[in-house]
There are 2 protein chains.
Amino acid sequence: MSTNFKHALFSQFARVGKALSHANRLELLEFIAQGERSVDELATVSGLTVANTSQHLQHLRQAGLVTSHKEGLKVYYQLSGDDVITLLDTVRGVAERHIAEVDKLVNTYLTVKDNLEPLPRKELLKRAKQGLVTVLDVRPAEEYAAGHVPGAVNVPLKELEGYLKNLDAQQEIVAYCRGPHCILAFDAVAALRDKGLTARRLEDGFPEWKRAGLPVES
Amino acid sequence: MSTNFKHALFSQFARVGKALSHANRLELLEFIAQGERSVDELATVSGLTVANTSQHLQHLRQAGLVTSHKEGLKVYYQLSGDDVITLLDTVRGVAERHIAEVDKLVNTYLTVKDNLEPLPRKELLKRAKQGLVTVLDVRPAEEYAAGHVPGAVNVPLKELEGYLKNLDAQQEIVAYCRGPHCILAFDAVAALRDKGLTARRLEDGFPEWKRAGLPVES
DNA sequence: CATATATTCAATTAATTACTTGAATACAAT
DNA sequence: ATTGTATTCAAGTAATTAATTGAATATATG
């Protein structure tokens, strides 16, 4: 009887594991972490069909990781709580530390572009308050609009070149994106350095900043 | 190119999710969290065949959650790091907060036996140092032997009755087990209260105590 | 009321996973 | 060298999951 209870409990916990067991769902969660999104928007940004996106979202909702509400024709999905950010970060951290293939991918695609230590959130807050840095948000405009680090400028990567003349060449630039492995932040930093500017990345992404209770602008 | 990288990265993270997507593997992880175990021991305590146990362990090892070493004929498995304890606790916490069925199971099987707030670790350490409590470890003897809270007495549930006469009836008793949902701790507390004794549970289990860097006896 | 839009559902197909069984491998004891 | 013990591997079977397609449902607009 009590072994049946324990097994039933583990089966429920396994639902969370199942929700995280496919790359598409992890990607959808990263998108939703930037702010609530509709099914159509999620399908577009992920490159999945609407039906497939919807099915993955049902899976995530039934596992308790997201919730939804309807506004007119559209259904909007949001994370169930900050604990889902923590869950994603914990899975990511464990994979980084213990799966050699992750190390290899990160070294091949990310570290080659920026092998400096990223800037801790609290440090960025301090420097931003002192007016010592320019903060660059390289996410798509709609994610920026949903919420961003106060004072951050939204410059998608392809517009960075044209934006350079607006920058104070003496000031340090800190770029951030959706999370710690978002290549856009790495690319931005590499491009800025190519131009002789001083640039670094924030240690993770906007969801972690927000979860830390730091100020948010929208 | 960078979308392929991101997808490859998410696929690797998904390996961690897959490792956690079956009740049997979660249970094996909870057993291993108590201390390193051999395949044969894990098969016995989980009720799975040795071959099936071994297959699940390969899965866990390839996902980076456990490591193994061989001593003579036997292969011993241990967790890859304390971050795996954190991962399990995070999955458990998310499931508890966001899956209604978990709430139902916990209420039906656990809260009915003990609905008092469990005791925080630091509080137990303090009271134990002052000699104010009796600490009861209700795990099987081999898990106790592998490591336990200093001063804890190992009394498996079926021996509790016979052990009662050894107790200082005036002193509070704190019981702990493998984790926060281990029914043995709940049963022990219920049985002790039935006898008029003052009993509580520790807030989680031995792995969390150890991860917190608190003193460990073996 | 009819049509358009957005989303979900259900059925089908293909791929993946879990368990079982028997064989293979590695190490220890005789 | 042979036998025993412990574990892993491989193949087969059954169950589950992911994507696709078309239908169904809900809401908004004309």
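Predicted model, so just to flag it, every value in this text is computed and none were measured. Below, read A as the first sequence line, B as the second, and so on, with proteins coming before strands; counting in each chain starts at 1. Computation of the quantities below employed the complete heavy-atom set of this structure, encompassing side-chain atoms and omitting hydrogens, waters and symmetry-equivalent molecules.
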Ring pair (Phe, Tyr, Trp, His ring centres under 6.0 Å) contacts in which one or both residues fall within residues 26-62 of chain A, not counting sequence neighbours: A/His22-A/His56
For [X] and [N], what is the distance between atoms [atom1] and [atom2] respectively, to the nearest whole Å?
X: A/Glu71; N: D/dT27; atom1: CD; atom2: P; value: 13 Å
X: B/His22; N: D/dA15; atom1: NE2; atom2: P; value: 13 Å
X: B/Leu42; N: D/dT7; atom1: CG; atom2: C1'; value: 12 Å

Counting heavy atoms not belonging to [X], are there more than 12 under 6.0 Å from its [atom1]?
X: B/Glu117; atom1: CD; result: no
X: B/Glu161; atom1: CD; result: no
X: B/Glu71; atom1: CD; result: yes

Which atom of A/Tyr77 lies closest to which atom of A/Ser68, heavy atoms considered: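 Minimum heavy-atom contact is CE2-CB, 3.6 Å.
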Covered region of DNA chain C, 5' end to 3' end, by chain A [heavy atoms, under 4.0 Å]: C/dT5 to C/dA10
Strand-adjacent residues in residues 48-61 of chain B, judged by heavy atoms under 4.0 Å from DNA chain D: B/Val50, B/Ala51, B/Ser54, B/Gln55, B/Gln58
Option from A/Arg37, A/Arg178, A/Arg25, A/Arg92 for which salt bridge (charged side-chain N to carboxylate O under 4.0 Å, His left out) with A/Glu30 holds: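 For A/Glu30, the salt bridge (charged side-chain N to carboxylate O under 4.0 Å, His left out) check succeeds only for A/Arg92.
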Touch class at under 4.0 angstrom, heavy-atom based, for B/Tyr76 against every strand present: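 The answer is nothing, as B/Tyr76 stays clear of every strand by at least 4.0 Å.
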Under-4.0 Å salt bridge between B/Arg121 and B/Asp204: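 Yes, charged N to carboxylate O under 4.0 Å.
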B/Arg211 bridged to B/Glu208 by N-O distance under 4.0 Å: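 Salt bridge between B/Arg211 and B/Glu208, a charged N being under 4.0 Å from a carboxylate O: no.
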